[in-house]
There are 2 protein chains.
Amino acid sequence: MTARASSKTSESSDKVSVICRALRRAIIEQALEPGAKLPEDSLGERFGVSRTIARHALGQLAAEGLVELRRNRIAVVATPSWQEARDAFDIRIELERLVVRQLAGKLTKAQIAELNAHVDAEDRARGGTDAMSIRLATEFHILLAHMTNSPILVRYVSEVAYRCCLTLSLYSRPHSTECAINEHRAIISALAKGDETKVMDLMRHHLDSVANRALVAPTPQRGRDLLDILAPYADEVTSDRVVKLPKVARR
Amino acid sequence: MTARASSKTSESSDKVSVICRALRRAIIEQALEPGAKLPEDSLGERFGVSRTIARHALGQLAAEGLVELRRNRIAVVATPSWQEARDAFDIRIELERLVVRQLAGKLTKAQIAELNAHVDAEDRARGGTDAMSIRLATEFHILLAHMTNSPILVRYVSEVAYRCCLTLSLYSRPHSTECAINEHRAIISALAKGDETKVMDLMRHHLDSVANRALVAPTPQRGRDLLDILAPYADEVTSDRVVKLPKVARR
DNA sequence: GGACACCAAACTGCATGCAATTGGAGCGCG
DNA sequence: CGCGCTCCAATTGCATGCAGTTTGGTGTCC
């Protein structure tokens, strides 16, 4: 047995879905940074639809956790806390281990070729922008999920992967994608060999290292946002005159 | 260390959210069976809002997988296939194992009391309707997820648990909830003891047995919907005159 | 009696309009 | 110069209206 009966899960071609896809992509490519404002009017105007539709799209993206929606306030691209980012990665690890567990030894030659082709594309894109590298790497994982032919699994893996993308733009330093690509290759080969436990371990370590490379511990321990972030500056303030705050990535 | 800093995740009090909650509950209590029609007008009228709002709510529920939305067609309560149900349970197992892994040995006395109180409630409700038993059992799992203080985990566990609920109304026979209750108690005690691997195993077996009790293999192997379901009836039709079909739960 | 064309009711897809809320500029005061 | 107040433009929350699509029922013809 190679794979399950197919099933169509593709998003329909509503105007709403179109906008969702566009925004999703803009977000994961970091064209829209976390915290960026998303007024319904502007969105509607930009996409040539009414506010009603833009609003609906924002609702969907909020349900996916990519957008934050507060009553009577402008929607913004989600700004996950460091802890939320870590949680997302933890969940992602378990979900993707499930993916490769289901896939180990069950892939057709064509599917393996497809995966290799994708990694080749990642390789070729190494010269390109960071954003593209991140997108391609994420799409590799989503491609894997698709091969399980489990719509639910695809949905959750996609969602959580996008959320992780989002956190990369927040907490990541410019990073080298090379090892990630090698790890992708290793996963493919273990999948082809059908070594279930091996591939599950590979996936865990792969995602763990991505997470660790990305989520450089921000505030030592899981304190609450503002207070802890401001603590060191507060020290300076009380100890001496106010010093010019160092420019910090903001939004 | 006992638990993380709190964080508010509660759904806001939009009219949309109100309708979502109401429908969600109606669905998991099986007041709305899978396949039930949900016209925007009727919903709006029933809840005293415009179609716009009802529509938006349906969109949200569709994003959660509780409702199926097809272009230009009346929305219906989702009718997951048997395979999708199985997939949902597989995902649920991994997610909830993650929950108890994070929780093992980290619960306060108060939290353990809360859990025990909930199971007591489940016990007391044994005389009540099946729907209520199912709801309470589901809420036990969601309560656990809440204690991780990870909003993302709460969201995914809730969603997937609701989806599993949905499948229970489709494929389950009237079942005894007693063992489930005992298993809940066992999980609590293992959590309190802090035995991580034990509680993860308990959770796996608990959910597995729920799934197995519920998902009585429907069509021997994972065939496609209609054809296999109709096969036996087709036999009768071709072999003799058309016989009156036995009344089968429909909608 | 059965297949087919057609039509009206029901319903969805979407835009627009109006009321309510927000946040920020401007202004006055200490 | 900082603090608080007022007021207005920007923006959201929601209902309604119109156009297009689907559904199901009726009549007609074979």
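Here is the naming used below: chain letters follow the sequence lines, and residue numbers restart at 1 for every chain.
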| message | Please pick, from D/dT12, D/dA15, C/dG13, the nucleotide with the shortest atom-to-atom distance to any side-chain atom of A/R55. | response | D/dT12
| field | Under 3.5 Å donor-acceptor, B/E84 side chain and B/S81 backbone | value | yes
| field | First of A/R51 and A/N72 reached from the 5' end of DNA chain C, by closest nucleotide | value | A/R51
| Sorted by number, the residues of residues 40-48 of chain B with heavy-atom contact under 4.0 Å to DNA chain C | B/E40, B/D41
| said: Output the rounded distance in Å from CG (B/L58) to C1' (C/dC11). | reply: 13 Å
| request: Could you please name the option among D/dT16, C/dC14, D/dC14 that lies closest to any side-chain atom of B/I53? | output: D/dC14
| said: Restricting to non-hydrogen atoms, name the atom on B/Q60 and the atom on B/C20 that form the minimum distance, rounded to 0.1 Å. | reply: CB-SG, 3.6 Å
| request: Let me know the distance between CD1 of A/I74 and P of D/dT11, rounded to the nearest Å. | output: 5 Å
| request: Take the protein atom CD1 of B/I19 and the nucleotide atom P of D/dG13, then report the distance between them rounded to whole Å. | output: 14 Å
| said: Please compare A/R73 and A/S50 by the position of their nearest nucleotide in DNA chain C and report the one closer to 5'. | reply: A/S50
| Are the charged groups of B/E64 and B/R24 less than 4.0 angstrom apart, N to O? | yes
| Atom CG of B/L38 to atom C1' of C/dT12: distance rounded to whole Å? | 14 Å
| message | Ignoring hydrogens, what is the shortest heavy-atom contact between A/V77 and A/E33? Give both atom names and the distance. | response | CB-O, 3.5 Å
| task | Whole angstrom is fine here: how far is it from CD in B/Q60 over to P in D/dG13? | result | 12 Å
| said: Ring-plane angle category for A/H56 and B/H56, please: parallel below 30°, perpendicular beyond 60°, tilted otherwise. | reply: perpendicular
| Within this structure, what is the NZ-to-C1' distance between B/K37 and D/dG24, rounded to whole angstrom? | 10 Å
| What's the NE2-P distance between A/H56 and C/dT12, to the nearest Å? | 13 Å
| said: Check whether A/E40 reaches the backbone of A/T52 with its side chain - one donor and one acceptor, N or O, closer than 3.5 Å. | reply: no
| said: Using a strict threshold of under 4.0 Å (side-chain N to carboxylate O), is an ion pair present between B/R73 and B/E68? | reply: no
| C/dA15 C1' sits how many Å from A/D14 CG, rounded? | 16 Å
